[in-house]
Amino acid sequence: MVDLECIKAETVAYFRALDEAATQRHHFSHADEEGGLWYIEAVPDRGELVVIKQAELTSAGQLHRDSWDVVHLTKVITDWYKKAPAAL
């Protein structure tokens, strides 16, 4: 049986370590089709950029922030980043 709590703890520890040890940070922005603005922070790891933080300002003016402690967004954000060309 898979220990989801253990996997979650290991994943959070990985992203926390990336964030705390980062000597380079990359920032990206993107406007989505609904008028929202996205801001992404990524750090290099093993030759690839890994997203560690994101913020969305919706067209209604609501701010949503997520970081490495929100494990379920990690894959979604990283996959999105690979498709997003807009770099600051």
Side-chain angles (χ1 to χ4, degrees):
M1 183 172 214
V2 176
D3 184 350
L4 294 179
E5 286 302 313
C6 182
I7 292 170
K8 180 180 176 182
E10 289 173 359
T11 303
V12 168
Y14 166 73
F15 285 98
R16 176 181 288 164
L18 283 179
D19 188 18
E20 292 174 351
T23 58
Q24 274 189 319
R25 295 179 185 273
H26 301 269
H27 298 94
F28 304 90
S29 64
H30 173 73
D32 66 25
E33 55 279 343
E34 295 160 0
L37 299 175
W38 290 79
Y39 301 93
I40 306 290
E41 182 175 314
V43 297
D45 183 43
R46 295 176 240 164
E48 294 186 0
L49 289 179
V50 177
V51 174
I52 57 169
K53 297 176 185 170
Q54 77 166 9
E56 176 196 13
L57 181 60
T58 68
S59 59
Q62 293 179 319
L63 179 63
H64 302 280
R65 293 180 290 180
D66 293 302
S67 64
W68 46 259
D69 56 347
V70 182
V71 175
H72 70 278
L73 291 176
T74 303
K75 184 179 182 333
V76 173
I77 295 168
T78 302
D79 289 347
W80 175 84
Y81 160 73
K82 291 176 183 177
K83 299 174 187 173
L88 291 177

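Here the CG-CG distance, from L63 to L57, works out to 6.0 Å after rounding to the nearest 0.5 Å. How far CD1 of I40 is from CG of L49: 12.0 Å, rounded to the nearest 0.5 Å. The CG atom of D19 sits 3.5 Å away from atom CD1 of I52, with the distance rounded to the nearest 0.5 Å. Of the inter-residue distances, the one linking T11 atom OG1 with R16 atom CZ reads 12.5 Å to the nearest 0.5 angstrom. Residue H26 holds its NE2 atom at 4.5 Å from CD of Q24, rounded to the nearest 0.5 Å.
Not counting sequence neighbours, the partners of E56 by the side-chain contact (heavy atoms from CB on, under 4.5 Å) test are D32, W38, T58, H64.
By the 4.5 Å heavy-atom criterion applied to side chains, V51 and F28 are not counted as neighbours.
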